[in-house]
Amino acid sequence: MVCEMETDQIEEMDVEVLSSMWPDDVGTQADNQFNVEKPAGDSDTLKEVDIAEKRTMADLKRLPELLNTTDQGSSQLTNLVRQWEYMQDHAVRLLREELKILTRQREEAEAKELKIIEEHNFETEEPESVPVLDETSHLFRRFRQKKRDELVDSKRVVIDEEFDTVAYWKQKALSLEKMLEASTERERRLIEKLNESLKTMESHSAPVEELTQNLKRAEGFLHFILQNAPIVMGHQDKDLRYLFIYNKFPSLREQDILGKTGVEIFHGGGVKESEDFKREVLEKGKASKREITFETELFGSKTFLIYVEPVYNKAREKIGINYMGMEVTDQVRKREKMAKLREDNAVRKAMESELTKTIHITEETMRAKQMLATMSHEIRSPLSGVVGMAEILSTTKLDKEQRQLLNVMISSGDLVLQLINDILDLSKVESGVMKLEATKFRPREVVKHVLQTAAASLKKDLTLEGNIADEVPILVVGDVLRIRQILTNLISNAIKFTHRGKVGIKLKVISEPSFASDKEQNETSVWICCDVYDTGIGIPENALPCLFKKYMQASADHARKYGGTGLGLAICKQLVELMGGQLTVTSQVNLGSTFTFILPYKVATSDDHSDDQDEFSDMVDHHQPEPDDTTEGYFQFKALLGSIYSNGGPVMGSNFLPHKAMLTSPIKLINGSVADPSNSSGQSQTVQVENGGYMDESESAHQYGNGNGHRCSYKESESCSSSQASSEMESELTVSSPREEEKTETEVKETSQPKILLVEDNKINIMVAKSMMKQLGYTMDIANNGVEAINAVKDTSYDLVLMDVCMPVMDGLKATRLIRSYEESGNWDAAIEAGVDIKTSESEQGCERSTDRLPIVAMTANTLAESSEECYANGMDSFISKPVTLQKLKECLQQYLQ
Amino acid sequence: MGKCMQGYLDEQFMELEELQDDVNPNFVEEVATLYFKDSARLINSIDQALERGSFDFNRLDNYMHQFKGSSTSIGASKVKTECTMFREYCRMGNAEGCLRTFQQVKKEHATLRKKLEHYFQLARQAGPKETARRSK
């Protein structure tokens, strides 16, 4: 194994310029002297070819020996000899043929001459004996020709003299003599020439010289072909020692190679393999090819295609191997690259088809979902039209049967609307469109509001309660809208399936659940567990698994009896999971169910918390703990049974005020007085203040929930049944009345009219609404968009905000959200973050403002984009559909300005 | 509201009429004047937006939202119906529908204007104290 190669590899796939196999600069002068070949300058075909490289190295002693002893060697010599002999034979044959022809011509010529001589019998004395060399036939012919010409000349000379005189004969004899002399002379010269050419012929036909030339020619030809080929050839004896090598690695000298084995010359990968391969060929006696990659220090990494054949001597004994190696590094590399490419291609194709399949399936699913969503949208708008019309119709004069039919119509319509809204929600979550927002909120307040809202439409004799553990942070960060949605869903679900007893929400902090992923953890996050429990009909165990599946209800019976879309729980579950939590349920038939969801929240920074404490510390009652939403841990609400005006009715939250009979209330203090630092009597009192001594049902609820001076006694009775509510109410009335008057006086100084803000961008709408307000006896401020509204709310304590939904700059939903965020956090950070330019002018007053809930009523165009659900979800309390009419406005003012 | 207005105006217009009293004797006409002033501006804006050729449906929808809001407020029922149609086409991205409905909007708007002008003229003749006053 001899091979070794140039180091620069060319990577191109197609045509490439092959550089010499060995690097140009490794050659040494020393090795040239051992080359046996010389340029075959005298060979015809190679005359112009410059064969400069001398790459052969041979053991000159042993190689001829080898040539003599092996079949291959002897046959080549034999061939050469045979060829030479054949050529000689051929030449002889040609000469003979020519000689034959000449002889025949000479005979003819002699016959002619004889005839002529006979004709001039006496006149010519032609010498008969002209020495002629038979063999040199052309000379003879020339000579003959000349002789004939001369003969003709002499005849002419003869004619000058008078025929048959003595002088004539004399003259003739003389001229003939001369001719004879000349002829003799020519003959002598010819003999000389002949001898000369014989000599030349002898020297030319020497076989050794010719053979040598032939050999040189053959060798030159081989050089011509092989000098630049990436081929190494060699012969090794049966011990695999090199005897001959052609095109060896340039830096190796004769003594480095000859007489040595491959293993002795080279080191590295592949050397052993090639050695073994040669040995194998030698043993098996069969020529064979193999590709071997070498990794040697000498020439780096190269791959050779090696052909090895055994060599036999005449006795058919193996005496060594001939081998030939061609460097195929590039080809192998290309081949491997191709193979890899092909493989990659196949893999990619497989992946592609797999992907196409998946994409196809996904597309189908998406299309189906999209269609569902689109259809829902399309159905919702006309349907809300139908329901709206039906509602309007229900306000007209109808007989009993008509009203019944209409009620069925409305409730069916509502159900379909709810179903569609649920579907839209679901598809939003599933398609990943639903985005979670992180806002600061107070869990206690959220629970309270949810319960208040539920109580407002409660038509059963149920107690709604909220219980929040002390360790639950006052302020947390999460998507309050979604959490509210979940709570509302679960609560309304619980109420639906509960006929007596209570429905409640319990919040407590738990340790991190096992399913929480590690990345979610950090010190500021807290896991809050929320139980929504009821004392309702319960859920049979076998129905639990499919409870959270879409369109599933516990049984067909239930579906008929209770209605509902069967989507509510599925949505809750999806939302909870979207927020990284878990929703579970436990239930006992006829005893009730508890839905539990646990969610991680970030705890709002301690700075905010201390601010809150400062803010609220002002309001702490002398000897009572903070009687505020912020820290209050227990709420209870009762349903409104019968007329909303009945005194003995169940209780409601203070912020969710029912309609009032009296329109001309002196002052409504929903917002104002808590902020008043001079008010030392505590927050709960302000809520008590009511118009004209009329006590709304809600007050007692608030009293009940928040506690004030009398709180302790009520607290004891909290566990009592709802039947006690009315008696508590009596005492409440007496307690609150005097304070209320006090309060009223303070407030009268500030304002004598409720302050209303209209947020609307349409001039005509403003004009109409203003005119209507005027007729109802109110004036109002105008803001043209959400940003203006926020600034107005910041500077002035409004009693009611009428908010258009769709507006330029900032829409009503966002403005409401930001106002709610202020109410919950006590600062306008969220608004500032949203890019609202909060003017600092009256910030002092702003800070002191109450964080009580400002009633915000949406004005919607009843279109898709302005759904009532969205209004509620964004913190609005109610909505009026457009166009605004006097009646609608009146009802709204009645509800919120009492 | 006279009989000639039937179909063109709905009960919302009657609401407006009810708001008109001695203190505010020309309220309806004032509102109507403001409406036509404002809607003329909107029609102009939509015209320009449509002429631009590239249909910015969001922008068109915004204009039409205002137009529709105003029309609803004065009870211009036919105009409102066309506005609703237009917004529907906007939502569907149907340019041709938009163009067609906008012609209808303009037509109904013009008809309403003519009719209302006639109506106010009659009203002025009927009650001399109800003199038309341009809103500022």
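If you're wondering where the values come from, they're calculated on a predicted model, not measured in any experiment. Order of the sequence lines sets the chain letters (A, B, ...), proteins ahead of strands, with each chain counted from 1.
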Supply the atom-to-atom distance [X] [atom1] to [Y] [atom2], rounded to the nearest 0.5 angstrom.
X         : Y         : atom1 : atom2 : result
Ile764(A) : Asp38(B)  : CD1   : CG    : 4.0 Å
His65(B)  : Asp804(A) : NE2   : CG    : 5.5 Å
Met807(A) : Asn62(B)  : CE    : CG    : 13.0 Å
Glu18(B)  : Thr885(A) : CD    : OG1   : 10.0 Å

Nearest non-hydrogen partners of [X] and [Y], listed with the distance:
X         : Y         : value
Asn762(A) : Ser70(B)  : ND2-OG, 2.7 Å
Phe27(B)  : Val768(A) : CZ-CA, 4.1 Å
Gln12(B)  : Val884(A) : NE2-O, 3.2 Å
Leu34(B)  : Met767(A) : CD2-SD, 3.4 Å

Side chain, backbone, both or neither: which part of Leu16(B) has a non-hydrogen atom closer than 4.5 Å to chain A?
-> side chain
Over 12 non-hydrogen atoms of neighbours within 6.0 angstrom of CD in Glu364(A) | yes
Give a yes or no on this: more than 12 heavy atoms of other residues, nucleotides or ligands lie within 6.0 Å of atom NZ of Lys770(A).
-> no
Is there side-chain contact between Lys763(A) and Lys37(B), with heavy atoms separated by less than 4.5 Å?
->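 No, their side chains stay 4.5 Å or more apart.
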